[in-house]
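When a ligand or atom number is given, it counts from 1 through the structure's own listing order. Along the sequence shown, residues carry numbers from 1.
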Amino acid sequence: MRPRFVYFDLDDTLLDHREAERRALADLHRQSAEHFGAVGFETLHSTYRQHNGPLWRDYGLGQITKAQLKRLRFAHTLDALGVRSLDPDRASDTYLDRYGAHWQWSDGAREAFHAIAEALPVGILTNGFQEQQRAKLAKLPEIEAHCQPDALLIAEEIGTWKPHLPTFQLAAERAGVAPEEILYVGDSLKSDVEGGVAAGWSVVWWNGDPAHEEHGTRATSDWADVLRLAGL
Ligand SMILES: [Mg+2]
């Protein structure tokens with residue numbers, strides 16, 4: 001069945017978050033070389049990712065605040081690396097500044113997004129901080145320009161997060177179609193795939209593992225597959 005509405009996740013689906021994160025950490029590492037000493041960039045990168053993920057989960061559950069998340073991911077990383085002379089808040093400020101400088105479309109995403117948006121109404125459903133997600137959308141203004149009014153949902157603004165069911169229910173209401181008429185494209189197994197499937201949406205698991213496809217999902221890293229599933 002051809003969908004009547006297509007929602008996209010933002011980070012690591014339309015926008016290359018992972019590369020922006022990597023480049024921002026590389027900038028931090030270079031700018032604070034005297035603090036990192038013998039700690040190499042790859043070690044910083046993997047240690048940061050190891051600590052950042054669980055903190056996002058705690059934040060999604062309401063166990064820590066946004067300010068705590070921003071500070072703790074660097075406090076934990078620097079502590080684990082034995083880097084004691086660099087203030088976590090300063091590291092966080094540098095990181096966030098450089099992160100914003102490296103935002104760009106994922107490979108092929110811009111063309112696919114435009115092709116779909118020309119044929120069908122589209123929207124965005126994203127977790128993340130309000131001001132940061134708004135800033136990303138301001139840097140890639142074509143996204144908001146093509147979204148259906150009311151169908152640009154940022155978790156912090158609507159007060160509910162993926163994968164929680166009310167998030168998807170509100171998004172379907174805003175789209176004005178039945179859940180089974182929505183195609184959702186997202187990269188996170190937990191937030192996007194499990195959340196979308198539970199809400200009765202069809203889901204494309206972007207960059208997902210084809211060996212772990214669930215009912216109603218299709219894992220792919222090829223935008224041509226997404227266009228086909230959108231009925232184009
Ligand atoms: Mg994502």
Side-chain angles (χ1 to χ4, degrees), residues 6-25 45 48-61 66 69-70 73 95-96 99-100 102-110 112-113 116-117 122-140 142-144 147 151-158 160-165 167-168 170-171 182-199 201-210 212-214 216-223 225-226 229-230:
V6 180
Y7 267 111
F8 294 89
D9 167 54
L10 191 57
D11 289 324
D12 286 332
T13 299
L14 292 182
L15 182 139
D16 197 346
H17 156 76
R18 203 168 278 212
E19 183 60 22
E21 175 188 77
R22 184 181 173 82
R23 290 187 188 187
L25 288 170
H45 185 234
Y48 173 85
R49 287 186 59 83
Q50 192 185 322
H51 289 284
N52 185 41
L55 287 168
W56 271 103
R57 192 193 53 218
D58 294 349
Y59 177 65
L61 293 170
K66 180 163 62 172
L69 183 144
K70 287 180 180 176
R73 58 188 178 179
Y95 169 79
L96 288 174
Y99 175 57
H102 292 301
W103 291 331
Q104 56 187 2
W105 289 90
S106 302
D107 280 348
R110 182 169 180 264
F113 174 80
I116 292 171
V122 299
I124 294 288
L125 180 54
T126 174
N127 280 348
F129 301 137
Q130 175 183 12
E131 72 276 12
Q132 202 167 68
Q133 300 310 81
R134 285 284 168 195
K136 287 171 184 171
L137 292 164
K139 187 158 178 187
L140 308 177
E142 301 148 79
I143 294 177
E144 188 163 3
C147 278
L152 200 162
L153 291 90
I154 298 173
E156 199 182 30
E157 289 181 3
I158 59 174
T160 172
W161 293 70
K162 298 182 290 185
H164 304 303
L165 186 59
T167 314
F168 291 87
L170 177 65
I182 298 173
L183 179 69
Y184 185 43
V185 188
D187 69 293
S188 164
L189 177 60
K190 182 107 206 121
S191 298
D192 301 323
V193 177
E194 293 181 9
V197 168
W201 296 13
S202 297
V203 179
V204 179
W205 186 12
W206 180 247
N207 279 333
D209 177 359
H212 291 92
E213 286 183 347
E214 295 184 24
T217 72
R218 170 74 198 274
T220 185
S221 308
D222 184 348
W223 285 109
D225 288 334
V226 180
L229 290 163

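Taking backbone and side-chain atoms together, D9 has an N/O/S atom less than 2.8 Å away from the Mg ion (ligand 1). For D11, the nearest N, O or S atom to the Mg ion (ligand 1) falls under 2.8 Å.
The name of the N, O or S atom in D187 nearest to the Mg ion (ligand 1) is OD1.
Enclosure of atom CG in D58 by more than 12 non-hydrogen atoms of other residues, nucleotides or ligands within 6.0 angstrom is indicated.
Remark: R134 CZ to I154 CD1 distance equals 4.0 Å, nearest 0.5 Å.
No side-chain donor from either of Y59 and K70 sits under 3.5 Å from a side-chain acceptor of the other.
R73 has no carboxylate O lying under 4.0 Å from a charged side-chain N of E21, or vice versa, which leaves the two without a salt bridge.
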